[in-house]
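Report on the structure given below.
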Number of protein chains: 2
Amino acid sequence: MNYQIELRHFIYFLAVAEELHYRKAAEKLFISQPGLSTQIKQMEEILQTQLFVRDKKKVRLTPAGEFLKKEVEFILNHLDQTKKQLKLIGQGHMGEVRIGFLGSAMQNVVPNLLVGLKEKYPLVHTTLEELSNRAQVNAILSDRLDLGFVRMSRVPKGLEVKPVFEDTFSLVLPQGHPINMNNFNSIDQLANEDFILFSQDYSPEYYDTVLSICEDSGFVPKVSHKSVHAQTIFKLVENKLGIAIVPTTLQHGFQMDVKFIEMKRIKQRAVLSMVWKADNRNPALKNCMDLLLKL
Amino acid sequence: MNYQIELRHFIYFLAVAEELHYRKAAEKLFISQPGLSTQIKQMEEILQTQLFVRDKKKVRLTPAGEFLKKEVEFILNHLDQTKKQLKLIGQGHMGEVRIGFLGSAMQNVVPNLLVGLKEKYPLVHTTLEELSNRAQVNAILSDRLDLGFVRMSRVPKGLEVKPVFEDTFSLVLPQGHPINMNNFNSIDQLANEDFILFSQDYSPEYYDTVLSICEDSGFVPKVSHKSVHAQTIFKLVENKLGIAIVPTTLQHGFQMDVKFIEMKRIKQRAVLSMVWKADNRNPALKNCMDLLLKL
DNA sequence: ATTATTTAATAATTATGAATTATCAAATAG
DNA sequence: CTATTTGATAATTCATAATTATTAAATAAT
């Protein structure tokens, strides 16, 4: 007596509304005619509204039925769209990946990822935010980011890391500096220079790595300036306020007048890693990471 | 194995998505928790998409589930609206009534109806069309009109008529005419005048009625002009091109300079009737006619 | 006029699958 | 370490959709 409308009713109703003929509609639905009759009748009872007029062998829609037909068409169509989209989202072919990164990841890793994503999963959107290592880790832990690009090897419990790009280090010297590609041999030739480094709290592990390069050559560098942005560091070097050690790929993409000397022989590498939450269920993230590892 | 999504699934899904707790959701739905579990699981199978993550006592939505939640909210809400509207339409409190009318019905009957409708059924819309008697009857027979306002007493099979307004007839004379309210006695005083009447094919029965007024007084009028519009008739009288006999209510609502002499004593009346199709199932029409008879 | 055909509705029955009860495994709190 | 709370599973019950068989009414054909 106290039933609820179900999608089944709508599908049956639409068939009758289209055919205006119970037997034909029942055939189309692969059910029996009496079953269809009772379901439509039940539907009219539930909605407390007559939907069809059956007089003298003819089945017609009432104005209410006419109205409902349009609405049902809309609803079923919308539902179809929703199902398709839902599947795409479930497969990670649609959705959003929230990405954090250190400025230096913008040199090649992040742009390559975005291009690849756009090509393979055009319906996956990204939001991008430049953040320090620590800020990225915190954002990922509290579910405000899906993926981070950092320079660190150990991460808090619940997160995972994986290296995605390894780079050599390069010395950055002002144009007039006596050391050049030909007479450069080891970093200890520059033991007495002022050093300009990336800020320690922005990327502690990276900072330590750079220091270790000097330590391996037997000296502790004099650090005169610290900065967050590569652009700033290059400007300082250009103005002869010190020398710097940076990942080699930073050579490209900046407007500057300095010398780059790549130090291939030292063992240290500038490693960029991706970080994510182990239990992140965003399927788009999985696809995003898989893509990244293939690039 | 090969089930279909039903609205039941959506309602269950929404409860779990809101509570993020199976037992609580089940209580809210007045069903058992295992039943809810299996239905949600079935839903995920049908949609081939995981909607919830259940790990370590916590229930969370996946991105796909998050998306579906919004869509389901929309769909269920839309459905609710539709049900309400459907009921209104079924009760004739909403919808459209297509009305045809003779120009003279615009004098009071149709405007009163429209005002009454707007007040009592603000959601019932009307479309209006000025048509001859015959055109209205044809339009109603072929379902292009719901209701007509005509001057005729007999209608084709399948249609019904009912008088809605009775009016006396009035003589229309030019201002300088010797006959006036005081010295008028009978229509035969005007037996030799030229008469201007409404066109015969526009309203045959009405035409015959006017002729019968003269016949009752023992003369056949000389008809010099015929017209469809009252405005035209009045202009002709004003210019002394003849005299006319029209329904008394036409005295109001026109800009003109003529004399009206109401003929209360004659038996003829100008009867305006409504016509409709006997099997018209538009509930708004029924309400419309009921309202009209109460005015 | 009579019979045959086609329509949808009704009645009785069957079959499907939703919901229930009973139970379990895992995780957490006290 | 026990008690409690979580959602999932299994077996069973029950509601109800669907089927078959039939009917009444309306046309169409003879």
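Note that the structure is predicted; figures quoted are calculated from it, not measured. Just the heavy atoms: all of them, side chains too, but no hydrogens, waters or symmetry mates, feed the values below. Here is how names work: the chains are called A, B, and so on, in the same order as the sequence lines, proteins then strands, and each is numbered from 1.
You'll find that the side chain of B/R54 is closest to D/dA8, out of D/dA8, C/dT21, D/dA17. The nucleotide whose nearest atom lies closest to any side-chain atom of B/S37 is, among D/dT16, D/dA8, C/dA18, D/dA8.
The neighbour count for A/R269 CZ, taken as heavy atoms of other residues, nucleotides or ligands under 6.0 Å away, is above 12.
Inter-axis angle, ends of the helix from C/dA1-D/dT30 to C/dG30-D/dC1, five pairs per end, rounded to 10 degrees: 20°.
Between the side chains of A/T209 and A/R151, not a single donor N or O lies within less than 3.5 Å of an accepting N or O. There is a side-chain donor-acceptor pair under 3.5 Å between A/S153 and A/E205. Between the side chains of B/S132 and B/R134, no donor N or O sits under 3.5 Å from an acceptor N or O. Counted by atom type alone, B/Q33 and B/S37 present one or more donor-acceptor pairs between their side chains at under 3.5 Å.
Nucleotide D/dA18 holds its C1' atom 16 Å from the CD1 atom of A/I11, rounded to whole Å. At whole-Å resolution of the value, CD in B/E6 and C1' in C/dA19 are 16 Å apart. Between the CD atom of A/E27 and the C1' atom of C/dA8 there is a distance of 14 Å, rounded to whole Å. Nucleotide D/dT16 holds its P atom 18 Å from the CD1 atom of A/I31, rounded to whole Å. Between the CD1 atom of B/I40 and the C1' atom of C/dA18 there is a distance of 14 Å, given to the nearest Å. In this structure, B/Q4 atom CD and C/dT16 atom C1' are separated by 15 Å, rounded to whole Å. Atom OH of A/Y3 and atom P of C/dA18 are 15 Å apart (whole Å). One atom, CG of A/L36, and another, P of D/dT20, lie 15 Å apart when rounded to the nearest Å.
Checked against A/K87 for a side chain to side chain contact (heavy atoms under 4.5 Å, CB included), the options A/Q85, A/Q91, A/K83 give a single hit: A/Q91.
Remark: B/Y12 in residues 12-26 of chain B come within less than 4.0 Å of DNA chain C through at least one heavy atom.
Aromatic ring centres of B/Y202 and B/Y207: separated by at least 6.0 Å.
Contact check on B/K69 versus B/E73 returns a salt bridge, with a Lys/Arg side-chain nitrogen under 4.0 Å from an Asp/Glu carboxylate oxygen.
For the pair A/E129 (side chain) and A/G100 (backbone), a donor-acceptor distance under 3.5 Å is absent. B/K277 places a side-chain N or O within 3.5 Å of a backbone atom of B/L141 that can act as its donor or acceptor partner. With hydrogens and angles disregarded, no donor-acceptor distance shorter than 3.5 Å links the side chain of B/Q50 to the backbone of A/G90.
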Q.
Using a 4.0 Å heavy-atom cut-off to protein, can you give one letter per nucleotide of nucleotides 22-30 of chain C, 5' to 3': B if the base is in contact, S if only the sugar-phosphate is, - if neither?
A. B----BS--

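The side-chain heavy atoms of A/L86 and B/E71, taken from C-beta on, include no pair separated by under 4.5 Å.
Close to D/dA17, at under 4.0 Å from its OP1 or OP2, lies a side-chain N or O of A/R8.
Comparing B/K41 and A/G35, the nucleotide of DNA chain D nearest to each residue sits closer to the 5' end for B/K41.
Heavy atoms of A/Q42 sit under 4.0 angstrom from primed sugar atoms or phosphate atoms, though from no base atom.
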